[in-house]
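The structure's right below; bear with me while I get my questions together.
The figures that follow rest on heavy atoms only: side chains count, while hydrogens, waters and symmetry mates do not. In what follows, chains carry the letters A, B, and so on, assigned in the order in which the sequence lines appear, proteins first and then strands, with residues in each chain numbered from 1.
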2 protein chains.
Amino acid sequence: MNLRVGELARRSGLTVRTLHHYDSIGLLRPSARSEAGYRLYGRADIARLHQIQALRGLGVSLADIGAILDRPDLSLPHLVEQQIRLLDRQIAQQRLLRERLAQLHGQFRDGEEPALADWLTTLEMMTMYDRYFSPEELAALPFYQDGATKREEWTALAREAEALMRQSASPRSEAAQALARRWMCALERDTAANPAWLMKLNDMHAHEDSLQAQLGITSAIGAFIMTAFAESRLALYERYLSADEMTFMRGHYAQRMQAWPALLADLRQALDDGMAADSPQARQLAGRWLELLRGYAGDDPETHRKIRLAHEREPSLNEGTWTTPALLAYLGQAVATLQADAGR
Amino acid sequence: MNLRVGELARRSGLTVRTLHHYDSIGLLRPSARSEAGYRLYGRADIARLHQIQALRGLGVSLADIGAILDRPDLSLPHLVEQQIRLLDRQIAQQRLLRERLAQLHGQFRDGEEPALADWLTTLEMMTMYDRYFSPEELAALPFYQDGATKREEWTALAREAEALMRQSASPRSEAAQALARRWMCALERDTAANPAWLMKLNDMHAHEDSLQAQLGITSAIGAFIMTAFAESRLALYERYLSADEMTFMRGHYAQRMQAWPALLADLRQALDDGMAADSPQARQLAGRWLELLRGYAGDDPETHRKIRLAHEREPSLNEGTWTTPALLAYLGQAVATLQADAGR
DNA sequence: CTTGACCCTCACGCAACGTGAGGCCCGAGG
DNA sequence: CCTCGGGCCTCACGTTGCGTGAGGGTCAAG
């Protein structure tokens, strides 16, 4: 009733080499050898092999199988649970990867075959975004979703800005202001109008040189656009403010605008969290906003009133600013309660 | 602007060893070396590393990455599709495995911790079933679903049979007949009353010695039960048949019964496929049935009529036979059309 | 006596590094 | 000037589960 390796291999569906291997690592030693040194497997060996195969089918490592079979005090249920958890992790990982692949594939689905370099760039961008944004955020981030086309758009914008700068155009020129307005509106759109994402994007842009290289957006270009956008807004305020007021604002506006995104993001967070407009947190935000306002417009309540008037009359002042009517209303309420407090 | 390995490793999140490895396989050779032989990575090297990391994130092998980066004519989309397909296969496999593990784990969920041997046996049985049944079948097969408890039930039945045989009890004894009826009903239930699965189970039982060993069902026991079951049915026919007819049937019935499962499985298949009762296929099946009938009951139509009468009057003749009213009606129709044909 | 099918024992190869071992390089501090 | 610590270098073996020869016995059949 003893089988030789070849026979056992055929019956078990394994290879001879595999049985040799099991022998050499001590997992399944044939209980006998023929005079010529042939391995002879008995009933018990075959039974053990069956168990080995069963455990292997569960993905258990040969070392673990050996341990289990040789020390029957080990808990199989524990191991099974472990295996299940391991599998769950692996499956989740692979699903994530699959999604990313599908995403990459989808970016170029329509249209003709793009160059390898394009693919690689897209891929690189995607992995970069992966480091800065969560999967849920990525799912809603236009920059990520339409990577390839967005890249084209933005390199084009960057080229326009660069051209203006090469001509030594002033940020106050109408061309620069128009470009800045388009720029900011595009940015607002491509960050899904989410100020928090704008901040992450800025962060990413600051830290990743290769991103700057890809899009061709240098810090000089960034500064130029910021200034031009500030000028564009100042031009709108001009009709409502005195010459002195304008001089003051010109000196501080572009500077102070840097703090906007963070404040906006916090405001939006508070709003989304359902924080009441008269809650301490909301008041604190309103305080920050007032400070910002005073920073670029001075302390005169009259100036502030004029600015409010400008915003009522010039709806385009809200374009490219990541604000929504709801957000502005919330801010307005918070400021009002804060000032009512101060008035008491 | 040249980085040394350690620096690059920190920036890229890889290990020094990994960069060494990439160097040694030619995937990323630093573009320069210092006088002391230190690796110096330039901008281009860093860019290449970014691409490598991106592709690695997709699960591409280092060899493939090298090929892609060095021969830009290769199609990345093709590779991506390949990766997706690969992943899909892996995910499907792992899900299957996960299910099996959960199944195994579930078998012992309730009650106290069973012995390792029990787990291993259950596991072995499960892998054995896996070889004979498809995943869908397994999901509905009681033998598989309640492996551990079924195993207990059947070893108990086998022990009863063995006890009877040890007492040299006749298969004609009432005890043997009662056991055989219980046996067949249990078998019918545990194969979900599916004759095709009964056949697979028989097949499995014939080929897998370890199954026989586990359940303790030897071929002698099988034969004993078969004979006893035949006797049990013959006893019911006896009231309707003459002594001569009974003698003939006693000589052939147990023999011919072997062919039942196959015919039943084919009938059920035809019924499930919506094959009309007067289709050639159905007639052929009816022909096989008639042949079977003549094989154990002889050619006399009068005998056949008596047998039909017995079946009408003794509903227990249908117990443990994997038949359903629908199936019997279908068979009846097919036989009727066949005989009508023959009569013309 | 030869042939062909089995069997044996090394021993390298695979993928992507981890982990030392033994030794050179280099700037800072005594 | 010496030394110390940290970084760098080049081997080279280990990991997992076998595949794939190479070189050489064994055994029954022709």
Exercise for the section: Tell me, please, which residues at least two apart from B:E99 pass side-chain contact (heavy atoms from CB on, under 4.5 Å). Expected result: none
Exercise for the section: For B:T218, check side-chain contact (heavy atoms from CB on, under 4.5 Å) against everything at least two apart and list the hits. Expected result: B:A220, B:I221
Practice task
Tell me, please, which residues at least two apart from A:F143 pass ring pair (Phe, Tyr, Trp, His ring centres under 6.0 Å).
Solution key: A:W154
Practice task
Grab the CG-P distance between B:L40 and D:dC8 for me, whole Å please.
Solution key: 10 Å
Fill in the blank from the handout: Rounded to the nearest 0.5 Å, the CG atom of B:D45 sits from the CG atom of B:N2 at a distance of 8.0 Å
Exercise for the section: Only counting residues at least two apart or in another chain, list the ones meeting side-chain contact (heavy atoms from CB on, under 4.5 Å) with B:N202. Expected result: B:L198
Exercise for the section: Specify the separation, in whole Å, of atom CG of A:L19 and atom P of C:dC8. Expected result: 10 Å
Practice task
State plainly whether the residues B:E153 and B:K150 are in salt-bridge range, i.e. N to O under 4.0 Å.
Solution key: yes
Practice task
Work out how much the helix from C:dC1-D:dG30 to C:dG30-D:dC1 bends between its end axes, five pairs an end, to the nearest 10 degrees.
Solution key: 40°
Practice task
Would you indicate what B:R10 reaches in the nucleic acid, counting non-hydrogen atoms under 4.0 angstrom: base, sugar-phosphate, or nothing?
Solution key: nothing
Practice task
Not counting sequence neighbours, list each pair that qualifies as a salt bridge (Lys or Arg N to Asp or Glu O under 4.0 Å) and has a residue in residues 120-140 of chain A.
Solution key: A:R100-A:D130, A:R131-A:E208, A:E137-A:K200
Practice task
Answer yes or no: is there a side-chain heavy-atom contact under 4.5 Å between A:R4 and A:R39?
Solution key: no
Handout entry: Counterpart residues, side-chain contact (heavy atoms from CB on, under 4.5 Å), relative to A:H207 (two or more places apart)
Key = A:Y132, A:D203
Handout entry: salt bridge (Lys or Arg N to Asp or Glu O under 4.0 Å) between B:D23 and B:R48, intermediate numbers included
Key = CA-CA 12 Å; B:D23 186 1; B:R48 186 177 167 101; over 6 Å; no
Exercise for the section: Tell me, please, which residues at least two apart from A:R151 pass salt bridge (Lys or Arg N to Asp or Glu O under 4.0 Å). Expected result: none
Handout entry: Distance test, side-chain N/O of A:T15 to OP1/OP2 of D:dC18, below 4.0 Å
Key = no
Fill in the blank from the handout: To the nearest angstrom, the CG-P distance between B:L14 and C:dC17 comes to 8 Å
Problem - Side chain of B:R56 (C-beta onward), nearest among C:dA16, D:dG19, C:dG18 - result: C:dA16
Completion exercise
Output for pair (A:L79 CG, A:D64 CG), nearest 0.5 Å, gives 6.0 Å
Exercise for the section: Mark up nucleotides 21-30 of chain D, 5' to 3', with B wherever a protein heavy atom is under 4.0 angstrom from a base atom, S wherever such an atom reaches only the sugar-phosphate, and - elsewhere. Expected result: ----BBS---
Exercise for the section: Kindly write out the residues that satisfy side chain to side chain donor-acceptor pair (under 3.5 Å) with A:R43, not counting sequence neighbours, or none if the list is empty. Expected result: none
Problem - Between P of D:dG19 and OH of A:Y22, the distance in whole Å - result: 9 Å
Practice task
For residues B:L58 and A:T127, determine if any side-chain heavy atom of one lies less than 4.5 Å from a side-chain heavy atom of the other.
Solution key: no
Exercise for the section: Measure from the side-chain heavy atoms of A:L62 and tell me the nearest of D:dC18, C:dC8, C:dC17. Expected result: D:dC18
Problem - Value in whole Å for how far the C1' atom of D:dT20 lies from NE2 of A:H20 - result: 13 Å
Fill in the blank from the handout: Whole-Å distance, B:D64 CG to C:dA16 C1', equals 14 Å
Exercise for the section: Quickly work out the B:D23 CG to C:dC17 P distance and round it to whole Å. Expected result: 14 Å
Problem - Sorted by number, the residues of residues 41-53 of chain A with heavy-atom contact under 4.0 Å to DNA chain D - result: none
Handout entry: Whole-Å distance separating the NE2 atom of B:H21 from the P atom of C:dG18
Key = 9 Å
Problem - Residue A:V5, side-chain atoms from C-beta onward, closest of D:dC9, C:dG18, C:dC7 - result: C:dC7
Handout entry: Near-strand residues of residues 85-96 of chain B, defined as heavy-atom separation under 4.0 angstrom from DNA chain D
Key = none
